[in-house]
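Below is one structure, written out as C-alpha cells; the observations come after it.
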Amino acid sequence: MAKEYNFREIEQKWHQNWVANKTYKVVEDENRKKFYVLNMFPYPSGAGLHVGHPLGYIASDIYARYKRLQGFNVLNPMGYDAYGLPAEQYAIKTGQHPEKTTFQNIDRYREQLDKIGFSFDWDREVRTCTPDYYKWTQWAFQKMFKSFYGLTPNPSSVGEGNQQPKAHPIEELIAYFEKKGTEGLDAYNIAQGEELSFTAEEWNSWDEKKQSDVLMNYRLAFMGETMVNWCPQLGTVLANDEVVNGVSERGGYPVEQKKMRQWCLRVSAYSQRLLDGLETIQWSESIKETQKNWIGRSEGTEVQIKVADQDVDFTIFTTRADTMFGVTFFVLAPESELVDKVTTPEQRAAVDEYIKYVKGRTERERMIDHTVTGVFSGAYGINPITGDKCPIYIAEYVLAGYGTGAIMAVPAHDSRDYAFAKHFDLPIIPLVEGADVSKESYDAKEGIVMNSPVSPDKSVKYDGESLNLNGKTIKEAIAETKRFVKAHKLGRVKVNYRLRDAIFSRQRYWGEPFPVYYKKGIPTMIPEECLPIELPQVDKFLPTETGEPPLGNATKWAWDEKNKKIVEKSLIDEVNVFPIELYTMPGFAGSSAYYLRYMDPKDDEALVSEKAASYWQNVDLYVGGSEHATGHLIYSRFWNKFLFDLGVSKKDEPFQKLINQGMIQGWSSFVYRLRNTNKFVSFDLLDEQYDEAKKKSFYYYQGAEADPVYADISMVSGNILNVEKIREWTPEFRDAEFILNQNGQYIVSQAIEKMSKSKYNVVNPDDICENYGADTLRLYEMFLGPIEQSKPWDVAGIDGCFRFLKKFWSLYWDKDGNLAADDSKATADNMKTLHKLIKKVTSDIEEFSYNTSISAFMVAVNELSGQKCRSKQVLSQLPVLIAPFAPHIAEELWEALGNKTSVCDAKWPEFDEKFLVESSVKLGVQFNGKVRFAMDFPADATPDQMVQMATSAPDAQKYLDGMQIVKTIAIPGRIVNIVIKPQA
RNA sequence: GCCCAGAUGGUGGAAUUGGUAGACACGAGGGACUUAAAAUCCCUUGACCAUUGCGGUCGUACGGGUUCGAGUCCCGUUCCGGGCACCA
C-alpha cells in the first residue's frame with residue numbers, strides 16, 4: 001500500500017508543533033536584516049471569516065515565509081480592529097456589552113485563522129479596544145493637540161534645519177504670540193483654520209478662554225465649529241470617506257450637513273507632504289492616483305476684487321488667470337459671509353429667499369440635481385485688469401469650503417459659468433482663437449489667446465504697465481498674468497488643496513474616549529501620566545434623554561484635577577472636579593498607528609521603543625483592499641508623518657510597498673416567489689421584462705409578478721435547488737409550494753455580489769480545510785488568479801490543487817509506503833527541472849505572481865514523476881520551495897527526509913544557471929516574419945552562424961528558390977528571421 | 001464630464017516585456033485498470049478545412065498604423081470595472 005496523503009493528521013500535527021516550539025516568534029536581532037510584512041487587520045464581524053479574508057493573509061504569509069527562508073528576520077503580526085459600529089448596533093439591540101461580542105468574534109476568527117497555517121507571531125497581537133493599546137491612541141491625540149504645523153517661528157532657527165514645515169510644540173507659537181502677536185507670522189507657513197491678525201498686547205490681555213479659542217486655530221488636533229456630515233439614524237457625525245453618494249457607508253442612511261462643535265485633525269496641513277510622499281513609495285498607480293485626486297492640489301492665483309460703491313473687497317481664486325479678460329460676472333457661495341455685506345437693499349428680499357431655499361436642500365439633493373439656480377446681489381465687482389464693473393451673483397454651484405468661496409466667472413471657458421450665463425442671459429466673451437462658444441464653453445487649456453485686451457483702453461495700467469496676453473499660448477498667458485498680479489500687488493499666487501480636515505469625534509459608545517476634560521468650558525488635556533482614560537461602563541448604549549452621546553449615561557465620568565483621577569459625575573463643582581468629554585474617537589483612530597505598536601506591543605513606557613522602531617523602521621510590504629484608499633491609507637500616512645516629526649516613527653512613510661488584494665465575491669442564489677403567495681417558481685419558467693429606466697429586470701409567471709428571494713448557497717448545487725433542504729432552512733419555506741420545470745428540477749438564478757451574511761452567499765474557509773486541508777486551500781486561493789484581481793469564489797478548480805499535492809506527496813513514497821528518496825545521483829534532466837523551478841518560483845514570488853509559480857510546481861512535479869526521480873539531491877530541495885505555499889506538507893516531508901529542525905529555518909535554494917545551459921536550442925526559422933520550420937542551433941551560435949545555418953538548411957530551399965535575401969535578423973536563443981523578396 | 005485600470009478558448013487564467021499565442025488548471029469527450037464505483041493513469045480539446053498523407057487558413061473586443069515580426073507599441077471606436085465629481 002502506497003502511503004496516503006493524510007492532510008488532517010499532518011496539519012494537526014504541525015499546528016501543535018508550531019505552537020509548542022513557538023516557531024513563529026520573532027525578536028529583534030541586530031545581526032540579521034529585518035523584513036516587515038503586514039496585513040490590514042480585520043474588523044471581527046459576527047459572520048466570521050469568509051474565503052475572501054485569507055486571500056490577502058495567504059499572499060503576505062507566502063512572502064513572509066519566503067523572506068524568512070532567505071535569511072531575513074521577518075515580522076509578520078496580526079491583530080484586530082476591534083472598535084466599530086456593528087458591535088455597538090448589536091449591543092443596542094440586545095443589551096450585550098460590545099466588548100463581549102467583540103471578544104467572542106475575535107476568538108472565532110482566531111480559531112479559523114489557526115486552521116490555515118499562518119506564520120503570525122501571536123505574541124504580538126494587538127486589539128484596538130484594550131486600554132494598554134488605546135493608551136497610545138489617546139497619547140497621540142494629545143500630542144497633536146499640543147502641536148502646530150509649519151516652520152519654527154523662531155528667528156534664530158530660520159535658515160538651516162528649518163526649511164521643511166513640520167509639527168512643533170504649541171509652546172513655540174505661544175512664545176511668539178507673547179512677543180509679536182501675528183506680526184510676520186506668514187513667513188513661517190503655519191497651518192491654520194483662518195488667517196488671524198492680532199498684536200502681542202492683545203494676546204497678552206486675553207483671558208485663558210480667549211487664548212484657548214485662538215490656539216484652536218493652529219493645533220493639529222483641535223475643536224472646531226464646522227459643517228459636518230450628520231447621520232440622524234446612526235446618531236453620529238461621519239468623516240468624508242465614510243459618506244458615499246450622500247448616504248452613510250455603513251447602513252446606507254441619509255446624511256445631512258449640520259454645523260457642530262467637533263474634534264478635528266488638521267490633516268490638510270500635511271497636504272503637500274502627503275502628495276510628495278507618494279513619489280517615494282511602491283504603490284499601485286491607481287491608488288496613488290486616487291489619493292492625488294483626494295488631496296486635489298491646484299495651483300492658482302488669488303485676486304482681490306473691489307466692490308463698486310461699497311467699502312468692501314473680496315478675494316477670488318482661479319487656476320485660469322489667463323481668462324481675467326473674459327470675466328462677465330462674479331459669484332459668491334450662499335454660505336459666504338460676504339453675501340450679507342454686499343447685498344443691496346433692493347435685492348435683500350430676493351437674496352434672503354434664495355438663501356432659505358439653499359439651506360432647505362440636503363447635500364444629496366445638491367449632488368444629484370445640478371439645475372442652475374442663483375440670485376443677483378445688487379452689487380458689482382470691479383475687474384482689476386479691465387476696470388469693468390461686473391454683477392455679483394450668489395449661487396449654490398460655488399462651494400463655500402473650497403478656495404475663498406468666491407469666483408470670477410468666465411462663461412466662455414468654464415462650462416458651469418457658461419450654463420449660468422445662458423440661464424441669466426449674461427455676456428460671453430471668447431478669449432481663445434478659433435474657439436466656438438455659441439453652443440458650449442471651450443474649457444481646454446490649449447490654444448492661442450485673443451481679446452486680451454479687446455482694445456488697448458480695456459486694460460488698466462499699473463505703474464505704467466498694462467497686461468496684454470494676445471498671441472500667447474494659454475500656458476504662457478497664465479504665467480504672465482501671475483507675474484503681473486504679483487508685481488502690482490493685485491493678489492498672490494496660491495496653492496489650494498481639496499483635502500479637508502478630518503472630523504475626529506463620534507457620538508458613539510464603542511470607541512476610544514477622549515482624554516479631555518472641560519475646565520470652565522476650556523478643553524483641557526488629562527495629564528499624560530494618567531493615561532489611559534478607560535471607557536466607562538454604561539447601562540444603555542443609546543444617547544441620553546437630553547440628547548447627549550451615550551457616554552452621558554456614565555455616572556462615574558468626571559475628572560478630579562487635584563487627585564488626578566476619575567470620579568463620580570455628581571462631584572462636579574467646576575473648582576476641582578470637571579466634566580469629561582462625552583465624544584469618542586472614530587474607527588480610524590485605532591487603526592492609524594497599529595503597525596508601530598506591533599514592533600513593541602507590550603511596551604508600557606512608549607508607543608514603540610526607540611530600539612524597536614529603529615530596528616523595524618516601517619512596513620516593507622503591506623497587503624490590503626483598495627477600498628481604504630481615501631480612508632485608512634490617508635489617515636495612517638498623516639498619523640505616521642506626525643509621529644515622524646516627533647521622532648517616534650523612523651520613516652516618513654509607513655508602508656513602503658502596497659499590494660491591493662482583490663475582493664472575492666460570492667455567487668448569490670435567488671428563488672422567485674409569486675407576489676402575495678407562498679409559491680416559488682423555477683427560474684427557467686419565468687418571463688423576463690427589462691425596465692430600461694430602472695436598469696432592472698422583472699419576472700412574471702403566467703402574468704403574475706415574481707420577486708427574487710435570497711436562498712442560502714448551501715441549498716444549491718450548480719443552479720439546482722435542493723428543495724428538501726430549503727424546506728428545513730426557515731419556516732417561510734417549510735410549507736411552500738415549489739413549481740418545478742419539466743425535468744422536475746427547481747432552477748435558481750445567480751448573481752455575483754460581495755460576500756455578505758445578508759446575501760446568504762458567504763463561503764467559509766472551514767469547510768474547505770475540512771475536506772481538502774489548509775495547504776490545498778492556500779494553494780487554491782493563490783491559483784485562482786492574480787492577487788490584485790477581484791473574482792467570484794468558485795470551488796470548481798480546487799480538485800486540481802488537491803491532486804497536485806497528492807502527486808507531490810507520492811514523489812516521496814514507494815509502493816510499500818517507505819521513503820523513496822535515496823542517495824542516487826540526480827540526472828541532468830532532474831537538475832534541469834529543479835533549477836528551472838527554483839528560478840521561476842523565486843522570480844514569481846518577488847513579483848507576487850503566485851498563480852504562475854504554482855503552475856511551475858505542477859509542471860516540475862509532472863516532469864520529476866515522469867523522470868522517476870528518486871535522488872535526495874533534488875527531493876530534499878522541494879519541501880523548502882513549497883514551504884511558503886503549503887507549509888504543513890513541507891514540514892512533514894522535511895521531517896521524513898531526516899531533518900531535525902523546522903523547514904522554516906532551512907535555506908532557500910540557490911539557482912544555478914549551469915543546469916539550464918543547453919548545448920542546442922530549437923528555434924523556429926521565419927521567412928518574412930512567418931515561422932516556416934524549426935531547427936536546432938548550437939546554444940553559443942553567433943547571429944551570423946545562425947543565419948548561415950538557417951539559409952543552408954534543406955527545409956529552407958523551397959522558400960529561397962527564386963528569391964533574394966533583403967535582410968536577416970538573428971538573436972541567439974530567440975529568433976531567426978530572413979526577409980526575402982522575389983529576384984529582380 | 002475628468003482621471004486610472006482592463007477586454008486572450010466552454011471557464012479561471014499564462015505568454016521570457018516586440019520573437020512559434022493559449023502554459024497550468026477546471027470542464028467536456030474518448031480509452032485503460034476494476035464485477036462496479038471511487039481513486040489513479042493515458043489520449044483529444046481555439047475555430048474552420050483536410051484528415052489511413054504527417055498539412056493549410058483564420059484567430060488575442062472593433063477599425064487603422066509602425067515593424068521583417070504586434071496579445072504586447074501608436075491613433076481612433078465600443079464595452080466592462082474602479083476613483084473623483086459643481087474643487088473654479
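Sequence lines set the chain letters: A, B, ... in the order given, protein chains first and strands last, and positions in each chain run from 1.
Here A:Arg500 lies in heavy-atom contact (under 4.0 Å) with a base. No engagement by A:Lys288 is indicated, since no non-hydrogen atom pair under 4.0 Å with the nucleic acid exists. Within 4.0 Å (heavy atoms only), A:Val398 reaches at least one base atom of the nucleic acid. Residue A:Leu784 is classed as a sugar-phosphate contact, given heavy-atom separations below 4.0 Å to backbone atoms only. No contact: A:Lys839 has no heavy atom under 4.0 Å from any strand. In this structure, A:Ile978 reaches neither bases nor backbone, as no heavy-atom distance under 4.0 Å exists between it and the strands shown.
Annotated as anti: B:G10, whose glycosidic dihedral deviates from 0 by more than 90°. Taking the O4'-C1'-N9-C4 or O4'-C1'-N1-C2 dihedral as appropriate, B:U16 has a value more than 90° from 0 and is therefore anti.
Separation of the P atoms belonging to B:G65 and B:U17 is 28 Å when rounded to the nearest angstrom. Comparing the C1' positions of B:U45 and B:U34 gives an interatomic distance of 27 Å, to the nearest angstrom. To the nearest whole angstrom, the two P atoms, one in B:A15 and one in B:U8, are 15 Å apart. Here the separation of B:C2 from B:U72, taken at their P atoms, is 25 Å to the nearest Å. Going from the P atom of B:C24 to that of B:G76 covers 39 Å, rounded to whole Å. Rounded to a whole angstrom, the distance from the C1' atom of B:C74 to that of B:U67 is 12 Å. Between B:U20 and B:G69, the distance separating the two P atoms is 15 Å to the nearest Å. Rounded to whole Å, the C1' atom of B:A61 lies 8 Å from the corresponding atom of B:C79.
Ranking B:A15, B:U40, B:C4 by closeness to the A:Arg803 side chain, first place goes to B:U40. Residue A:Asn293 has its side chain nearest to B:G83 when only B:A39, B:G83, B:C41 are considered. When each of B:C58, B:C24, B:U40 is scored by its nearest atom to the side-chain atoms of A:Lys930, the top-ranked nucleotide is B:C58. Closest approach to the A:Arg974 side chain among B:C84, B:G19, B:C4 is made by B:G19 (side chain taken as heavy atoms from C-beta onward). In the set B:G27, B:G83, B:G19, B:G83 carries the atom at the smallest distance from any side-chain atom of A:Thr290. For A:Ser855, whose side chain is taken as the heavy atoms from C-beta onward, the closest listed nucleotide among B:G19, B:A14, B:A23 is B:A23. The side chain of A:Met858 sits closest to B:A25 out of B:C84, B:A25, B:A15. For A:Asn862, counting side-chain heavy atoms from C-beta on, the closest listed nucleotide (B:U40, B:A25, B:A88) is B:A25. Here the side chain of A:Phe783 is nearest to one of B:A25, B:C4, B:C84, namely B:A25. Checking B:C86, B:C24, B:A88 against the side-chain heavy atoms of A:Glu396 singles out B:C86 as nearest.
Dashed line: the shortest gap from a side-chain N or O of A:Tyr402 to OP1 or OP2 of B:A88 is under 4.0 Å. For the pair A:Ser298 and B:A88, the criterion of a side-chain N or O lying under 4.0 Å from OP1 or OP2 is met. The shortest distance between the side-chain N/O atoms of A:Asn851 and the OP1/OP2 oxygens of B:A14 is below 4.0 Å. Between B:U40 and A:Lys806, a contact under 4.0 Å exists linking OP1 or OP2 to a side-chain N or O.
Annotation: the span from A:His628 atom NE2 to A:Thr290 atom OG1 amounts to 14.0 Å, rounded to 0.5 Å.
Nucleotide B:U57 forms a pair with B:A47, judged by Watson-Crick or G-U wobble geometry with both contacts under 3.5 Å. For B:C62, the paired base is B:G76 (Watson-Crick or G-U wobble, both distances below 3.5 Å). The base-pairing partner of B:A85, taking Watson-Crick or G-U wobble contacts with both distances under 3.5 Å, does not exist among the strands shown. Across all strands shown, B:C24 forms a Watson-Crick or G-U wobble pair, both distances under 3.5 Å, with B:G12. The nucleotide B:U67 finds no pairing partner, because no Watson-Crick or G-U wobble arrangement with both distances shorter than 3.5 Å includes it.
Using a 4.5 Å heavy-atom threshold, the side chains of A:Met782 and A:Leu55 count as touching.
No hydrogens or angles were tested; on distance alone, a donor-acceptor pair under 3.5 Å links the side chain of A:Gln926 to the base of B:G19.
Between A:Phe885 and A:Tyr850, the angle of the ring planes goes over 60°, which puts this pair in the perpendicular group of the 30/60° scheme.
The residue among A:Glu285 and A:Leu399 whose nearest nucleotide of RNA chain B lies closer to the 5′ end is A:Glu285. Between A:Lys791 and A:Ile975, the residue whose closest nucleotide on RNA chain B is further toward the 5' end is A:Lys791.
The minimum heavy-atom distance linking A:Val331 with A:Ala409 is given by the pair CG2-CB, 4.3 Å.
Between A:Phe329 and A:Phe420, the distance from one ring center to the other falls under 6.0 angstrom.
Distance OH (A:Tyr497) to C1' (B:A88): 17 Å, rounded to an integer number of Å. Summarising the geometry, the separation between CH2 on A:Trp809 and P on B:U40 is reported as 16 Å, rounded to the nearest angstrom.
Under a 3.5 Å cut-off, the side chain of A:Trp294 and the backbone N or O of A:Gly631 do not form any donor-acceptor pair.
When A:Tyr772, A:Tyr812, A:Trp809 are each tested for a ring-ring contact (aromatic ring centres under 6.0 Å, His included) with A:Tyr5, only one passes: A:Trp809.
Around NZ of A:Lys292, the count of heavy atoms belonging to other residues, nucleotides or ligands within 6.0 Å exceeds 12.
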